[in-house]
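As the structure is a computational prediction, the values presented were derived from the model and not from experiment. Scope of the values below: all heavy atoms of this structure, side chains included, with no hydrogens, waters or symmetry mates.
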Amino acid sequence: MVNFILCIICSFAWLLLAGFAGRIKKDYLHPAVVFSCLFAISYPLKLLMSFYGFHVLDSMSVDSSVIMASIAISNLAGLLFVAPLLAQKGIQISDTAFRLDGFSLYVTLFLAVVFLISRHGGMDALKAIFSTNELIARIAERGHERTGSGLNALLGEVSTFLLIVFALKLTKRTMVENIIPFVLLIGISWLALMLSGSKYKALFLPVVVVMAFYYKWRMKGLELLSFHRLIIGMAVLLVLIGVTGYIRGHGAWVGESDHPPVLQMIHQLSNSFDAPDNLIVLLDRVENWTVGEMGSVMLRDYLIMPFVPRAIWPDKPLIYGNQLVMMHYFPERFLDHTGEAISPSFPGEMILTGGIFYMIVCSFTLGACLAWIYRKAQTRGGLFFVAYVWCLLNMFNFLRSGIGVVGAFILFISVVFAAQAVVNIISFTTSSLRLSRNPQ
């Protein structure tokens, strides 16, 4: 009962913190606001659902003292992360945020879709989305595609970059001019869901477009969001996550015909927010919280191994990442390296790596790094704004996995700089050709 009351108190506290941060920063998509809202949903509010049996790992069978400790640890890590963001002064966005050289709107979108399809299996995957049986088979195959998929991952990052650029280009057009792109946006979101089976991929482009227009209007002095609207938006997003999870999980729940669609959506939604339950079970099974039991092995898998191509190191071991945690601490859920990946939660991952003290230092440092990216995005824009959009949209993944998102960010930003360099070369070449054909 005490833990239940603590979850209620923490939920209200984090939501109030989100409202306070939005008001003092005059930015209701400020990272402190988004983090606080997502933390409230992902940890205390999700634990309230766990008390009623909505969990993947049975966290409620663990001793109540461990549950209370998990609440204290997760809140400590969250406060340390958000502290540098709250300490930062409010920043007015500059028009330079939306200036980024590139191809035309429709060429950018076309290339993004091509890279998206290539990332998820090419034409065979595209054909599968038009058949229910083949689509179910594709869902089963997706796990096995993780092995040796380095090149595909790079293609996916290029697609992500181009979709963000597409959203920025939309802000320079009128609403009437954007009618066709908005229709295409819906189709691309459906295509991304069918190809990837990922709720994140399905909702990525619509959310990026909303973010881009919000900051464009904010630059003009129009504040369209408020605390109440933000909460409503979060509620709508949760419903969309449940709906996309229901579509994605088609045929995957044994006896699903016996469950009403609403219950299936709640089931999928609760599975997406599994971090607090996993943290509880993890703390129950870790022998010592003060030192890291796994050492640098996860840092190696997150920050080093992904950047060494097999062309250079043919015998490179498989990269397990979060599945190492499953193998050692959640063996009942671990199948093999191609199976599901249950998140250890961001404080759980840090505790396994270096213990409580490492978690304290790392949480604060990452919060300070995000504050720097936010300042650069608002004042200089361009690729900094692209990086900031990525960070904001992966805040939920950070809450689930911790440092694993840092490795993904490094990969993304490396691909972004390379892709933008190619775009700049093409733009310079085409401009030079035009000048040579039409000399002044």
Which atom names give the shortest non-hydrogen contact between [X] and [Y], and what distance separates them?
| X | Y | value |
| --- | --- | --- |
| R229 | L224 | NH1-O, 2.6 Å |
| L85 | H30 | O-CE1, 3.6 Å |
| M68 | N3 | CB-OD1, 3.3 Å |
| P181 | L170 | CB-CD2, 3.6 Å |
| P31 | Y374 | CD-CD1, 3.6 Å |
| V361 | T365 | O-OG1, 2.8 Å |

*Pair R400 + D274: basic N to acidic O under 4.0 Å*: yes
Nearest 0.5 Å, what's the [atom1]-[atom2] distance between [X] and [Y]?
| X | Y | atom1 | atom2 | answer |
| --- | --- | --- | --- | --- |
| S59 | I67 | OG | CD1 | 6.0 Å |
| F166 | L109 | CZ | CG | 4.5 Å |
| F35 | L86 | CZ | CG | 10.0 Å |
| C391 | L370 | SG | CG | 5.5 Å |
| F4 | I71 | CZ | CD1 | 11.0 Å |

With a sphere of 6.0 Å drawn around [atom1] of [X], does it hold more than 12 non-hydrogen atoms of other residues, nucleotides or ligands?
| X | atom1 | value |
| --- | --- | --- |
| F182 | CZ | yes |
| R285 | CZ | yes |
| K26 | NZ | no |
| F110 | CZ | no |
| F307 | CZ | yes |

So, do [X] and [Y] sit near enough that their side-chain heavy atoms are less than 4.5 Å apart?
| X | Y | answer |
| --- | --- | --- |
| M359 | S363 | yes |
| P44 | F12 | no |
| F227 | R23 | no |
| D277 | L47 | yes |
| V386 | Q420 | no |
| L366 | F346 | no |

*Taking only residues two or more places apart in sequence, or in another chain, which ones meet I360 in a side-chain contact (heavy atoms from CB on, under 4.5 Å)?*
L76, L80, I356
_Ring geometry between F213 and W217 (parallel below 30°, tilted from 30 to 60°, perpendicular above 60°)_ = tilted
*Which word best sums up how the rings of W390 and F409 line up, parallel for under 30°, tilted for 30 to 60°, or perpendicular for over 60°?*
tilted
*Using atom types as modelled and distance alone, determine if a side-chain donor or acceptor of W289 lies under 3.5 Å from a backbone N or O of I351.*
no
Any luck finding a side-chain donor-acceptor pair between [X] and [Y] under 3.5 Å?
| X | Y | answer |
| --- | --- | --- |
| Y302 | E349 | no |
| D27 | Y215 | yes |
| N278 | S345 | no |

*Would you please indicate if the ring centroids of F81 and F364 are separated by under 6.0 Å?*
no
